[in-house]
K.L.:
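This is the structure, below, for whatever I ask next.
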Protein chains: 2
Amino acid sequence: MDITEADGRLLDAAEALFYEHGIQTVGMDRIRAASGVSLKRLYQRFPSKDVLVEAYLRRRDGRWRGALAEYVAARPSAAERPLAVFDWLEEWFGQPDFRGCAFINAYGELGTASPAVAEAVRDHKAEVLRYLHGLVRDAGAAEPGPVAEQLAVLADGAITTSAITGTPAPARSARQAASAVLEAAGFA
Amino acid sequence: MDITEADGRLLDAAEALFYEHGIQTVGMDRIRAASGVSLKRLYQRFPSKDVLVEAYLRRRDGRWRGALAEYVAARPSAAERPLAVFDWLEEWFGQPDFRGCAFINAYGELGTASPAVAEAVRDHKAEVLRYLHGLVRDAGAAEPGPVAEQLAVLADGAITTSAITGTPAPARSARQAASAVLEAAGFA
DNA sequence: TGGCGCGGAGAACGATCGTTCTCTAGGCTA
DNA sequence: TAGCCTAGAGAACGATCGTTCTCCGCGCCA
């Protein structure tokens, strides 16, 4: 097993365990067991749990936004792409391992204690907002900023509400609200 | 110090510490120190940390919804009360100790591990939705259900977005989106 | 006044955690 | 083949946590 494979297995195990059970309840030894990578190697690649947690968040950020962007980009017209975000959310919410936003969860758990985690979470949310801003702009909005911010609020609200209630329905509520927001902003 | 005072001091200390630092990072001994109640008494009143956590969440639920309802009820006309919710949120977000939704944070941390916590969180969100439903109904909506769900999503989104970005601005975004939702539902 | 029970302070206990250390086996080089 | 470097398995260590126990002093009742 070379180093890149070990990194991948470690991050895969960390992501699965941290996301499902929270960060503090998952010990390093559990990640070793799930990944099959020895503890020595683990600490060679990620010198502390904090570093591993930040790496987990940053890799998940890239994958998450990549999957969203890929789904949305498949829509032929730019006008329907902002609402497509909420269709993607609904699919995500229906997956059995869905447990809310990894970043919001991490922030609630460690936002006070770990500046690195807090920054990774803020970066993620900023990137999502930037992405929504582009979608809204390309859909033809004169002033995309306020609309993008409203869509970001709706997306975060849908994620947390769905996580707690256990149903994908909030995605549809958020989509309907987003539709009202877009209509009020002047483009249907 | 009698029992009701000890309970109050314990719950005050637990609420301040759990909300600010998260639940797992705060030990029972820290709650003892902050409350001035001996460890023996603490365990007499709350036989385990889980019980204390649930009590913290349930008391906070009542206080939080009470404060919101009091603020909103001061609005003279029922029609403006749904939007007043977001004015209250904005005031809350501006307070220095604001750190997001205690229930979402607790759910992210312990939702998998503690069924009692998960249930308390779900109960809180259900009560908030019920409250919003009443506001929307009293404002004159023919079908208040979908509108109330959209407002609930907006409120949760505003709370988490504000917690992470550190500004009260998402309350205004959510308010504007709520206004669009209400307008689209037929009552301006 | 003398014994008794309750409450407080804090030590103690067992478990767990993040992190490091030890020991050993195996593969590469000369 | 002999020596050495690496890596893995897992013990070990120090800290912390939830929870319980010990010890002591103070107030109450006969």
Side-chain angles (χ1 to χ4, degrees), chain A residues 1-57 105-106 108-117 120, chain B residues 1-57 105-106 108-117 120:
Chain A
M1 177 173 17
D2 66 352
I3 280 181
T4 70
E5 191 198 339
D7 280 16
R9 287 166 68 160
L10 284 169
L11 289 172
D12 286 347
E15 179 163 358
L17 291 168
F18 285 157
Y19 181 64
E20 180 176 358
H21 299 103
I23 293 170
Q24 312 225 53
T25 41
V26 172
M28 296 295 263
D29 195 67
R30 202 149 154 212
I31 290 167
R32 174 205 56 82
S35 66
V37 175
S38 76
L39 219 47
K40 189 179 220 168
R41 246 302 242 244
L42 202 176
Y43 275 94
Q44 274 175 6
R45 304 297 303 154
F46 304 97
S48 75
K49 190 178 183 181
D50 229 53
V51 172
L52 178 63
V53 169
E54 190 186 346
Y56 144 63
L57 290 175
N105 292 347
E109 215 176 326
L110 300 171
T112 298
S114 164
V117 166
Chain B
M1 176 172 21
D2 67 351
I3 280 181
T4 69
E5 192 198 338
D7 281 16
R9 286 164 68 159
L10 285 169
L11 288 172
D12 286 347
E15 179 162 359
L17 292 168
F18 286 157
Y19 181 64
E20 181 175 357
H21 300 103
I23 293 169
Q24 311 225 54
T25 41
V26 172
M28 297 294 264
D29 196 66
R30 204 150 153 213
I31 290 168
R32 174 204 56 81
S35 66
V37 176
S38 77
L39 221 45
K40 189 180 218 168
R41 220 80 139 195
L42 202 175
Y43 276 93
Q44 274 174 6
R45 304 297 303 155
F46 304 96
S48 75
K49 192 178 183 181
D50 228 53
V51 171
L52 178 63
V53 170
E54 190 186 347
Y56 144 62
L57 290 175
N105 292 347
E109 218 176 324
L110 301 171
T112 299
S114 162
V117 166

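Below, each value reflects all heavy atoms present in this structure, side chains not excepted, and no hydrogens, waters or symmetry copies. Naming convention: chains lettered A, B, ... in sequence-line order (proteins, then strands); numbering from 1 in each chain.
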K.L.:
State which of D/dT20, C/dT19, C/dG7 makes the closest approach to the side chain of B/Arg41.
P.N.:
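That would be C/dG7.
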K.L.:
Quick one: A/Tyr43 OH to D/dA9 P, roughly how many Å, whole number?
P.N.:
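Those two atoms, OH and P, are 16 Å apart.
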K.L.:
To the nearest Å, how far apart are A/Gln44 CD and C/dT20 P?
P.N.:
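After rounding, the reported distance stands at 12 Å.
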K.L.:
Detail all sub-3.5 Å separations between protein N/O atoms and N/O atoms belonging to nucleotides 22-26 of chain C.
P.N.:
none

K.L.:
Tell me whether A/Arg9 is salt-bridged to A/Asp12, with the criterion being a basic N under 4.0 Å from an acidic carboxylate O.
P.N.:
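No.
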K.L.:
Just how far, in rounded Å, is P of C/dG7 from CG of B/Leu42?
P.N.:
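The distance from CG of B/Leu42 to P of C/dG7 comes to 14 Å, rounded to the nearest Å.
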K.L.:
Would you mind reporting whether A/Leu39 and A/Leu42 have side-chain heavy atoms less than 4.5 Å apart?
P.N.:
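Side-chain contact under 4.5 Å: yes.
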K.L.:
Closest approach of A/Leu17 and A/Arg30, non-hydrogen atoms and distance?
P.N.:
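In this case the closest contact between A/Leu17 and A/Arg30 is CD1-O, 3.8 Å.
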K.L.:
For side chain to side chain contact (heavy atoms under 4.5 Å, CB included), just list the numbers for B/Phe18 and B/Asn105, CA-CA rounded to whole Å, side-chain angles, deciding distance to a tenth of an Å, and then say yes or no.
P.N.:
CA-CA 10 Å; B/Phe18 286 157; B/Asn105 292 347; over 6 Å; no
K.L.:
Between B/Gly36 and A/Pro47, name the one whose nearest nucleotide on DNA chain C is closer to the 5' end.
P.N.:
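On the 5' side of the pair lies B/Gly36.
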K.L.:
Less than 4.5 Å apart, any side-chain heavy atom of B/Ile31 and any of B/Leu52?
P.N.:
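Yes, at least one pair of side-chain atoms sits under 4.5 Å.
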K.L.:
What is the distance from CG of A/Asp50 to P of C/dC17, rounded to the nearest Å?
P.N.:
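Value for this atom pair: 17 Å.
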K.L.:
Just by modelled atom types, is the A/Ile23 backbone N or O under 3.5 Å from a matching donor or acceptor in the A/Lys49 side chain?
P.N.:
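Between the backbone of A/Ile23 and the side chain of A/Lys49 there is a qualifying donor-acceptor contact (under 3.5 Å).
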K.L.:
Of the nucleotides D/dG8, C/dG18, C/dA11, which one has an atom closest to the side chain of B/Leu39?
P.N.:
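For B/Leu39, the side-chain atoms sit closest to C/dA11.
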K.L.:
Separation of B/Leu52 atom CG from D/dC17 atom P, in whole Å?
P.N.:
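Going from CG in B/Leu52 over to P in D/dC17 covers 15 Å.
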K.L.:
State whether the side chain of A/Thr112 and the backbone N or O of B/Glu20 hold a donor-acceptor pair below 3.5 Å, judged by distance alone.
P.N.:
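A pair under 3.5 Å: yes.
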K.L.:
Should B/Val51 and B/Arg45 count as side-chain neighbours, where that means a heavy-atom distance under 4.5 Å?
P.N.:
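Of all side-chain heavy-atom pairs linking B/Arg45 with B/Val51, none is under 4.5 Å.
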K.L.:
I'd like to know if the side chain of A/Glu54 reaches the main chain of A/Ala120, judged simply by a donor and an acceptor atom lying under 3.5 Å from each other, with no hydrogens or angles considered.
P.N.:
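Checked: no pair found.
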K.L.:
In whole Å, I'd like the distance from the NZ atom of B/Lys49 to the C1' atom of D/dT20.
P.N.:
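Value for this atom pair: 17 Å.
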K.L.:
Which residues, if any, of residues 5-34 of chain A bring a heavy atom under 4.0 Å of DNA chain D?
P.N.:
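Output list: empty, so none.
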